[in-house]
Each structure stands twice: as structure tokens, then as C-alpha cells.
Protein chains: 2
Amino acid sequence: MKKSAPKPADLSAKIAKNIRDAIISGALIVDERLPSEADLSEQFNVSRPTVREALKRLAAQSLIRTQRGATGGAFVNHISFQDAYPQQITTSTLLLSMNDVSFDVACEARYTLERACAALSAARRTADQLATMRTEIFRQSQPALSDEAFCASDVAFHRALVDGAGNPVLSYQLAGAVEAMQPLMNMITFTARSRAAIIELHSQIADALEAGNASDVERHLTELERYTQKLAADVFARRKTVKDPS
Amino acid sequence: MKKSAPKPADLSAKIAKNIRDAIISGALIVDERLPSEADLSEQFNVSRPTVREALKRLAAQSLIRTQRGATGGAFVNHISFQDAYPQQITTSTLLLSMNDVSFDVACEARYTLERACAALSAARRTADQLATMRTEIFRQSQPALSDEAFCASDVAFHRALVDGAGNPVLSYQLAGAVEAMQPLMNMITFTARSRAAIIELHSQIADALEAGNASDVERHLTELERYTQKLAADVFARRKTVKDPS
DNA sequence: TGAATGCAAATGTCAGACAATTTAAGCTCA
DNA sequence: TGAGCTTAAATTGTCTGACATTTGCATTCA
């Protein structure tokens, strides 16, 4: 049986796959130096530019880093969760914007994942993470804050909540869901009234976390989800009215 | 204030960032054709190989695709969730293997996220997804199955569960967590006895999903998590004994 | 000893050429 | 006219060779 799409891959793609597999399988370990571009071009029987294109592909995925100079070369990268965040967020954001994901679906995913962290976070959040949440709540209460800054602070609040679960794998997976929502959230105009309601819910969430009350955290998160969806629905309804004034 | 590491980026990295930003900001829309490599090298005042390295970087992130021929060129890619899975999984797998994430932490993240899907999946799973789960359960009951194949079937079962939530954003985020666990799971040797226990739990989960009983799904998932961690703990204890026979 | 210098190795960049592929226009012939 | 073939043009893929730049190390000289 043929594969569905056995495209005759470019040489640089083949070489990149070859090296990538070696890294994933563990044949090449972290900080190990790859052969020089000249050596690789000999090994794979291709020219140096082709090898370079392959290496750039891997560099784009943060699988390798390159260094110039006598002892330079390409080295297998140690990928930290910190390093992987931006790429995860970029991809998630593009996925949302390119796939006609409705606000409600994205919102549901985000709050479903956040609620999953509630119990862990209630049990484990550090004093520092709680302080971060309180700080963000205070920032949100400043009337001079722009809508974008309000959204950014909202994201910071929720990331502190997620980080409170003390599980880096969870934090990483959720970073995509939380941050990717920001462009969608930025479409909402936050009135003084709606800001007050959100801040109130944030405070209740922080209080419940401080008290270690997981079910209260989940409950308030659900209320926040409903309120956010209501705000979004209002925005879309108003837009439709303006665009299509029957 | 200086940035922490304002590395003098390579030209190809700069050009890639330039084009990437244009795509993310929406200046370049899906399926739009980029200028030819020759045009780009003129615009950016660099040579063609340099432009090509930049384009390969973008291709590695699935941001563009290239096509040869008269009407060919580089086109902005439509990134589907399907396309993004492999990269998400590769990155997640590497993150786990390179960051000394313990089995328990990864396992906790995975089952926490899966439990989050339980309620939605109990309400929305299609008959098709339920059938997939039953099929995988049957496959798992074949004694001739290798440990690797058993793990792969386990992953397929859990992905069907997650997909049952009917939220593509959730499915995408969880794919990383579920699939990235597989190399860790492969370290476990599944005895006939442990296989039976897992299959029993899988059946209970499928039954609860069929009945639309969310809390039962969550409960059985928690049992499965505990059992998995116990199996892993046994493996590690045995290894330690062999390695370090005091 | 220690600092300056030069060398060697490696990546970064450039220029030009040819190969391969694909489309579309043009041409031939029934 | 219309179908089929041929050719040309555009574009990416690859190669060759060269030079620039950066960096570590050995060497040399005060």
C-alpha cells in the first residue's frame, strides 16, 4: 500500500529529517556537536548550501543552535519549557486565526483546561504566585488602563493560576490555550462596569485559592467563562447590527 | 534597558522574522504567493541562498509551502490542526526527555487534562468515537500484542476519548500531553495481569461514556492514573535493585 | 610570565550557473 | 475548428567556488 502523500521530498528536507530523527531517538545527545557543514555535505553527498538549508530548518524548530568560530558548529539544543513557550503560542494563535475557531470553542477549551488546574493549584500555589495574582488584580483596577493592557494583565493573572499547579507540563500545554485567546479577547471593549465584574471574580478566585478551596475556584472560573462569553456575544451582536442594519 | 540576549541575528533569521511577522499580523493572507526568491533577494538586498535559508526556516514551521514550476513559488500555508499535531508532539516529546520530567509529573499532567475532557466527552462523544474505543479495547485484549503495540493502542483509545469532547482546540493541546507520554510508557513491561486490569478500566470508562456519566468517567480515569503510576513505580524500583544491589 | 599576533577552522554570505519542474502559449495537422 | 504536440518561460532545487567574519589556540616576543 502506498502512503497517501509520498512526496519526493527535497534533499534538504530529507537531511533535516535524518538529523531530527537522530536527535529524537537519542543517537545525538544534548550539547553534542554535529559534524561540520563540509563533513555533512560529504556524508550525505550534497552541496554545502543544501546542508545549510537543512540545518536552518532544524534551527527554526530550536533543535540545534549554531556558533561561529574555530570551535563552533551546530550543537544539539537543550529545549527548555521556557524556550518552547513562544513557538507554542505562535502556533496556537495562528491555528485559531486560520481555522475559524469560534470564540466560544476557544473559550471553552481555555476554561476547561484552567478548571483542570484548579484543584492542584488550590493545594500547591506558592505565596509568590498568589501575590502575583493580587498584583494583577490591583493593576486591573486602574481606570487609566487600556483595553489591551487589561487583557495582558488578565493573561498574567491566569498564567499565575496555572503555574500554581506546580506542574511544568501543564503550564506549557496551557500557555498555548491561554495566550492564544488574547487576540480574540482584544476585540472586546471592556467598560468600567464589565471590568468591575471581572475583577470581582478574579478576587473571589484568588480568595478561594488562598483558602485552598478547589471547588470554589472551579465555580468562579465557570462564572468567569459564562461572563466572558456573554461579553463576546454582545460584541458580535452589536457588530452584526452595525454591519447589517436590517 | 538592554534585552538579555540581543544576539546579532543572522540575515536569514532576520528575513524569516520579517516574513513571519507579516504572516502573523495578517499582511500576508493564506494562499497568497510570496515574491519569487529572486525578487526577495533584491528587496532585502541579500543573495538568493540567504533568502532560501530564510524560507526553509518558515517551511520548517509549516508557515509556507513551496511549489516548483512556472506558477510556483512560496505560498502562505493554511495551518490545520491536523498539520500541527506532529510538531506539537515532537516538541512535547523532546521537552519531556530533555528536562528530567519525572514519570509522575507527566502522568499527572496527562490525566488532569483528560479528566477535564470527561464531562464534555460524556455529553458529546459520537457513536463513531465510542466504537473506536471499543475496537482499541478489543485489540488490547489480544495476547500476542507487543508492549509497544499495546501502548500505541492505549494512546489511540485516549485520543478517541479526548476527541469525544468535540473541541478541536482541546484535542490539539492534549495530543502533545498524551502522545509525548508514549516513550515513557514504553518503558513499562505489561504483564498479562496488568493488561487485564487496564482493559477492565478502559471498559468501565467506555461504559460510563456511553451512559453519559461524567463523574464515573473521571473516577475511573483517576483509578487508571493511580494504577499506571504504581506500574511505573514498580519498574523503577526493580531497575534500582538491579543497578544498585546493596 | 603575559600579552600581542597570527593561524586555522568553522559558519555566514555572495555570485553565477545549471538542472528539474510546471504552466501556458504557440504551432501543427487532421 | 479543435485536439495534440512542442517549445518557451518562470520558478524552485542544487552545485561550485570564493570570500568575509568570528573565534579559539598556539606561537612569539617583550
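Here is the naming used below: chain letters follow the sequence lines, and residue numbers restart at 1 for every chain.
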Checklist line | Between D:dT14 (C1') and A:I15 (CD1): distance, integer Å | finding: 11 Å
Note to self: Please pick, from C:dC14, C:dT11, D:dT12, the nucleotide with the shortest atom-to-atom distance to any side-chain atom of A:T66.
What the structure shows: C:dT11
Check: Just to confirm, is there a sub-4.0 Å distance from OP1 or OP2 of C:dG12 to any side-chain nitrogen or oxygen of A:R52?
Finding: yes
Notebook entry, point to check: Whole Å only: how far is the CD atom of A:E53 from the P atom of D:dT16?
Noted result: 14 Å
Next item on the list: For B:L231, check side-chain contact (heavy atoms from CB on, under 4.5 Å) against everything at least two apart and list the hits.
Entry: B:I188, B:F190, B:S194, B:I198, B:Y227
Notebook entry, point to check: Any salt bridge between B:D154 and B:R110, counting N to O under 4.0 Å?
Noted result: yes
Tabulate protein N/O versus nucleotide N/O from nucleotides 24-26 of chain D, keeping only pairs under 3.5 Å, one per line.
none

Next item on the list: State whether the side chain of A:D83 and the backbone N or O of A:I79 hold a donor-acceptor pair below 3.5 Å, judged by distance alone.
Entry: no
Note to self: Taking donor-acceptor contacts at under 3.5 Å, does the side chain of A:R68 reach the base of C:dA10?
What the structure shows: no
Check: For the residue pair A:N77 and A:R65, what are the closest heavy atoms and their distance?
Finding: OD1-NH1, 3.2 Å
Check: So, are A:E136 and A:R139 salt-bridged, with charged N and O less than 4.0 Å apart?
Finding: yes
Next item on the list: Could you state the atom-to-atom distance from CD of A:E37 to C1' of C:dG12 in whole Å?
Entry: 8 Å
Notebook entry, point to check: For DNA chain C, what residues of residues 39-47 of chain A have any heavy atom nearer than 4.0 Å?
Noted result: none
Next item on the list: Pick base, sugar-phosphate or nothing for B:R65, based on heavy-atom distances below 4.0 Å to the nucleic acid.
Entry: nothing
Next item on the list: Measure from the side-chain heavy atoms of A:R48 and tell me the nearest of D:dC15, C:dT11, D:dT12.
Entry: C:dT11
Check: Does atom CD of B:E32 have more than 12 heavy-atom neighbours, drawn from other residues, nucleotides or ligands, at distances under 6.0 Å?
Finding: yes
Margin query: Looking at A:V51, is its backbone amide N or carbonyl O close enough to the side chain of A:S41 to form a donor-acceptor pair, meaning the two atoms are under 3.5 Å apart?
Written below: no
Margin query: Looking only at the side chain of A:S12 (C-beta and beyond, no hydrogens), which of the listed nucleotides C:dT13, D:dT11, D:dT14 gets closest?
Written below: D:dT14
Next item on the list: Please answer whether the main-chain N or O of A:G72 pairs with a side-chain N or O of A:R33 as donor and acceptor at a distance below 3.5 Å.
Entry: yes
Margin query: I'd like to know if A:R124 and A:D163 make a salt bridge, using a cut-off of under 4.0 Å between side-chain N and carboxylate O.
Written below: no
Item checked: Separation of C:dA19 P from A:D10 CG (nearest whole Å) -> 19 Å
Check: Rounded to the nearest Å, what distance is computed from the CG atom of residue B:L11 to the C1' atom of nucleotide C:dA15?
Finding: 15 Å
